[in-house]
Structure formats: structure tokens, C-alpha cells
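We count ligands from 1, going down the list as the structure has it; atoms in each ligand are counted the same way. For clarity, every value in this text was computed on a predicted model and none was experimentally measured.
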Amino acid sequence: MCKHPLALLMLLQLALILHAQPVPKYFDGKTWWEHIKVVADDRMEGRDTGSEGLRKAEAYVVEQLTKSGLQPVGTQGFYQPMKFISRQIVERDSSIALLRNGIEERLVLGDDAFFNTRVDLEPGILTAPLVFAGYGLKIPERNYDDLAGLDLRGKIAVILVGSPGDIPTALAAHYQWAGERWKVFRAAGTIGIITIPNPASMDIPWGRMSLNRAHPQMDLADPEFHELAGQKVALTFDPARAEKLFTGSGHMFQELADLARDRKPLPRFPLLVSLRSLARVQTQPLDSDNVIAKLPGSDPQLKNEFVVLSAHIDHLGVGEPINGDRVYNGAMDNGSGVALVLDMAASLQREKLRRSILFVFVTAEEKGLLGSKYFAARPTVDPKSIVADINVDMFLPIVPLTVLKVKGLAESDLGDAATRAAESLGVRVQPDLQPLRNSFIRSDQYNFVRHGIPSLNMEIGFDPGSPEQTIFKDWLTNHYHAPSDDIRQPVDLSAAALYEEIMRKLLVSVANADARPQWKADSFFRRYAK
Ligand SMILES: [Zn+2]
């Protein structure tokens, strides 16, 4: 027992410090920030897929990986080249209108709605009746079918983004993946989809959504990947102007939006209008690469298995100016993830791990998770040897890290490993508490999931109703996919460092565990495991 008052005081202070925040062992946030300063610099022109700026950022990444002594595992050194097709709407030669009792009401592109050129739109004029199909979901596992009883043949479906509250978050997100949804509508004979964002879950306001609508969108060139083939019309409609679609139908849009906000079931019914659309699209071939590096494991058997750490390196490029700035630097989205992967590569290189680690920087995430889709379908190592994907995308260290949101927490025992890593550093974990945001399908881990690989994505969380919730909401409204997601914004370097500590611990534990990660017996996604 210590009796000296000064020593006691010192011990007490030490205990307080230890309790307040674990002392970071490997990271201080500074190297992380230095990498971000490079990849989010204006010289990188916002790293659009296929751009010179992205090539420069990837050259920097390759230089860093080489410096860390990692091995190239692309198909051309560190690179895995892919071919893309880029499509850009020419709005001055395009138009949309509603037809009601033979009377045409012209709509304004950009104000009322805009075309989605991720779809290979029908060239020429097309006219078809509209049908409101609720959330546009068919979930056989839950006996749920928004299309049941509707005649959709030759028609355009109007859907409101969302899902009923009794469908689990990850499952609801999965069936809202554009390709999954289109399978169902195509089978019903639908020729197109008008999507109305759910006003309760719009990350960014309509004005900003619409602002860059003429920016090129893309698909992989190989038809094997064309999940939206056959869709002739694709429009996103401003919810604030959606009432005009429902006139005379016996339903008000506001009534539907109120139901969707509360995740209640939606009515489904034919609308009294048809859409006439004319889309002119310019197409162009493009090339872009993934970057892949390996840290070989030390165990004679397990070194043939790979734990993937992935982050998308592309962003939105140069677009319409906001406050005079037209470079969409993507410092958090996803310079932050790229920087983390580089930090992990440098740090783990000094560690003896049983399994190998694959560091994967994917392109074209912002175009629909295309780089990871390609990599997951054509990995540069034996597909069966990939045991897990841990993906980092915009983990947002803009508040202190006390709670970690783990997407995929309940799907596999990777969730348990993440929980142990976080708790050992004094951080709580929470599942995804915002089902309407569909986070589980919104980053690259989803493509690994679809290939049966247990996957996770973690970001800094907040408790519902806390002041932090407002900080995150404001960040999305003002900075997400805006030029101000740049290196002038304030970030919490100690939160970033702590997140990196957790990530490192998780990677080490998965790489060294006797057994590879397993899906939970009740996970829906287990079906994809081979
Ligand atoms: Zn993004």
C-alpha cells in the first residue's frame, strides 16, 4: 500500500490518463494525415476514374508500397487494368415530359428529375405508362413482394427508396442493390425505373444531387458485368416535386413519404400519367486500374490464405463548382481509407503474421463499386484463398472515437473479432442503426460478400440523439461528395490514430487465428459461400 501522498497523486493521475484514452502504440494520426495531403491535393484532380489525377495518386500509392517492401500482385506489377465504358448525358438534346389525357407537361431536367446513365438508356423517344410499385422490393425470404398483382409489362415503375421496418437492415440493403432490383423488374416485363429518394434518408440535398448529373457515369466494358441490361429508362425524381406524378391517383406523395419515413408498408397502384423521354448519351471507352500488393505470411500453410484490406482510391473528379471550388478532392472519401491502408502496410511489414495480407486499392467505387466488382470476380490470387475482406471507406474521424459502427457485425465472426479489438482499446461497438441509409451495399465490401467472403466495414459511430449525431448529419449535408471534403476541414487526429490501432489489432488477430473467418449460421449472406 502506498502512503506517500505525492506518489499516490501521481498514481491517481496515471490511472486517470489510462482510463481516459488508451495510449496509441503504433500510430499518431500524423503519417495518416500526410498521405491524405498528397492524395487529396488539387494536383490529383479529385481522382476520377480514368483520369490523369487518379493515375498520379495510384503512382504515389505504388511508390509507398514499394518503400514498405511489399510485393506486387496485380496482373501488371502492382496494377490490375480494367476497361470501362463511360456514358454522359447530353441534356440539350434530351427531354422528359408527363402525358395526361393526351396533354403533355414538360418536365425540367435537373429541377424535376435527371437521367441515370449508369444504365444504357434507350436512344430515341420512348413513351410508357407509370406504375407506383412502393419500395420496389421482392424479398422471397420474407414473403414480401411489392410487385405482386401489378401489371408492369412494358411500363415504367416508380419507386420510393426505403424498406419496411420488419426487414433486417442488411437484407433490405441487399435487395435494394440496383442489379438485384432490376432482376425482379425485368422478369415482370418492366422497361424502366423512376426512383424517388426518401426525404428521410437523403444524405445530400437535391440541389447538390442534381448539380453533377451531367458528369460521366460508367460501367465495366465486359458484358458479363452488366447487371442493368435491358433497362431503357432510369430517372431520379426530386421528392419535393414528385406530387405531379400522383395527381388523380387517389394518393398524395406526402402521405407515401410519411409512411416511408416510418418504414411502414406502402400501397401500390397504377398512375394516371405516362412518361415520354428522349435521352441522348455520349459514350467513350476508358481505362483504369486497381492496385494490389501483398505482405507474405510466415506460416507454411496459412501463408497461402489472404486477408484483404481494401479501400477505394477513386473519387468524383472535377465537377460543377461550389463556392468557386470545382475540385472534388475526396479527403475523407476516401483519401482517409487509402492513407490508412498505406499506414497498415508500413506497420504490419514489421510484424510476423501467419496468413498473408492483400492490400487492395480499388478504382470506380463512385461509379457503382466497379473496381471491387471486377477484383472479386477476377482476383489476382486463388479466389478460394481469400478468407476475409476488411474495407475502409470514409470512416470519418471528425469526433473522438468512443463508439465504432460495424457494418456486417452480426453476419460473421469477423464481427466478434472487431468487437474484441475495439473493446480492448476502450471502444464500444454498435451495429448499423440507420437502416434507411443502406450502408451495407454502399461500399466495396459488398462485392466480396457476394462472392461468399466474410466482410466488414467500420466507421466512427455516435449514439442516437447525441450532439455527435448533428455533427455527422451536417457533414453529410455540406461536405459529403462536395469540393469542401478537402484537407482544409478539421479532423480529429487522435480519433484517426485510435481507429488505426483497432484496425491493426483486428488484422493481426484475423491473420493469426487458427481458423479462417466463418459466416454466422443465420446470416443471409452465407448462401454465397462456396
Ligand atoms: Zn463517395
Of Asp486, Ile487, Asp485, the one forming a side-chain contact (heavy atoms from CB on, under 4.5 Å) with Asn329 is Asp486
Please assess Asp416 against Lys520 for the test salt bridge (Lys or Arg N to Asp or Glu O under 4.0 Å), listing each intermediate value before the final yes or no.
-> CA-CA 11 Å; Asp416 306 321; Lys520 290 287 168 84; 3.2 Å; yes
Take Lys138 and Asp146 through the test salt bridge (Lys or Arg N to Asp or Glu O under 4.0 Å) and record every step on the way to the result.
-> CA-CA 6 Å; Lys138 180 175 179 175; Asp146 277 326; over 6 Å; no
Go through the side-chain N and O atoms of Arg526 and Ser523 and say whether any donor and acceptor fall under 3.5 Å apart.
-> no
Would you check if the Zn ion (ligand 1) lies under 2.8 Å from any N, O or S atom of Asp393?
-> no
With the Zn ion (ligand 1) as the reference point, give the N/O/S atom of Asp333 that is nearest.
-> OD2
Can you give the angle Glu366 OE1 - the Zn ion (ligand 1) - His481 NE2, rounded to 10°?
-> 80°
